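Remarks on the structure that follows.
Atoms within a ligand are numbered from 1 in the order they appear, just like the ligands themselves. On a predicted model such as this, the values are computed, not experimentally measured, just so you know.
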Amino acid sequence: MSDASVQTQTLDYQAILQSTTLRTDSFLRGFIASRQGVPTLLKESIEYSLFGPGKRVRPALALLAAQAVDGCIEDALPAAAALELIHCFSLVHDDLPAMDNDDLRRGRPTNHKIYGDAVAILAGDAMNTLAFELLAECVNDPSQSVKLLLELSRATGPAGMIGGQILDTCYPQLKHVDSQAANIESLQRIHRLKTGALIRAACRMGGVAARADAHHLQILDELGQAVGLVFQIVDDLLDVTSSDAQLGKKAGKDADIGKLTYPVLLGLEQTQAELHRQHKLAERALDQLGPAAEPLSLVVHALARRDK
Ligand code: GRG
């Protein structure tokens with residue numbers, strides 16, 4: 001591929017993400033503004049994290065997945081907004097002293113550093129419940145609403161993201177470099193749940209919102225699973241190769257705390273090979289979708305090459 005075509009692809013990817021971000025943020029701002037009776041401090045803390053400079057990857061995947069199966073982007077906006085609420089809740093709680101104890105997120109002090117632990121816990125709780133309120137209120141067809149609520153609650157809950165977080169937080173034998181139990185299966189199990197469940201749900205929920213048939217939903221499911229691992233492997237690689245400023249959070253932390261990651265377990269070369277393998281699986285799924293999947297495809301390829 002020539003340099004010129006790489007540059008065109010990069011520009012396209014950025015324009016697509018800019019557009020999906022604008023639409024999601026405008027929907028989210030309208031939804032939050034319409035909530036009555038929220039105490040000011042809680043609202044401020046929610047808005048601080050919800051409207052911080054995140055990449056808005058999960059909303060983009062949901063909106064573009066809907067488009068990829070010939071659906072309408074507008075129909076997937078509630079799903080996109082609800083996914084970002086859950087993602088922001090997870091980041092606020094993950095940064096707390098009882099979990100990862102981080103001071104920096106998205107290039108700014110973490111929520112609890114500004115508002116204190118109690119408010120940060122409650123802001124996370126509130127974003128979690130707001131996501132479900134949004135899907136119940138903003139999806140007009142009740143049967144569609146229930147389908148989306150099920151997808152999101154399963155992906156977030158004890159057999160999804162929260163389940164992955166407890167494996168990551170409370171089972172040190174699964175994830176410490178020196179542990180016998182540390183192996184690729186246990187690492188992938190944690191990541192399929194902790195990071196992967198929500199990314200998989202983003203692809204599936206886009207399909208559900210677009211009323212995709214079972215065959216297309218299965219393709220989006222396979223795509224979501226591969227993209228979830230691509231995303232995590234790149235995250236592990238960036239932790240080794242990037243600076244705090246580039247990531248907007250503490251770099252090199254995984255190694256500092258002896259955490260099991262793809263590079264630690266497999267070495268850099270094999271980690272790149274695993275990234276390539278998962279990227280190929282994503283490509284295979286994308287190839288089964290029609291030309292409407294081109295924007296989704298550009299974003300997926302850019303995620304595999306991201307540098308922050
Ligand atoms: C606290 C229940 C609970 C769950 C936390 C997602 C998560 C589970 C923890 C985040 C820890 C982490 C850094 C995981 C690596 C992958 C990941 C989810 C990175 C952050 O997502 P991005 O890069 O963030 O999409 P932005 O800021 O761009 O939205």
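- Both the backbone and the side chain of Asp94 come within contact range of ligand 1, each with a heavy atom under 4.0 Å.
- Distances between N or O atoms of His87 and those of ligand 1 include at least one value under 3.5 Å.
- Checking Glu84, Met161, Arg106, His93 against atom 29 (O) of ligand 1, the nearest heavy atom belongs to Arg106.
- Atoms of ligand 1 found under 4.0 Å from any heavy atom of Lys55, numbered from 1 in the order shown, are 22 (P), 23 (O), 24 (O), 25 (O), 26 (P), 28 (O), 29 (O).
- Relative to atom 25 (O) of ligand 1, the option among Arg306, Arg56, Lys194, Arg58 with the closest non-hydrogen atom is Arg58.
- In this structure, His191 has its ring center at least 6.0 angstrom away from the ring center of Phe231.
- Here the side chain of Thr169 pairs a donor or acceptor atom with the backbone of Gln165 at under 3.5 angstrom.
- Donor-acceptor pairing under 3.5 Å is recorded for the side chains of Glu222 and Gln218.
- Which parts of ligand 1 touch Gln232 is read off a 4.0 Å heavy-atom cut-off, strictly below it: atoms 15 (C), 16 (C).
- Atoms of ligand 1 found under 4.0 Å from any heavy atom of Ile162 (numbered from 1 in listed order, with element): 2 (C).
- Partner of Arg105 under the side chain to side chain donor-acceptor pair (under 3.5 Å) criterion, chosen from Thr110, Asp95, Asn111, Asp100: Asp95.
- Listed by chain and number, the residues in a salt bridge (charged side-chain N to carboxylate O under 4.0 Å, His left out) with Asp75 amount to none (sequence neighbours excluded).
- Side-chain atoms of His112 never come within 3.5 Å of backbone atoms of Ala118 as a donor-acceptor pair (strictly under, hydrogens ignored).
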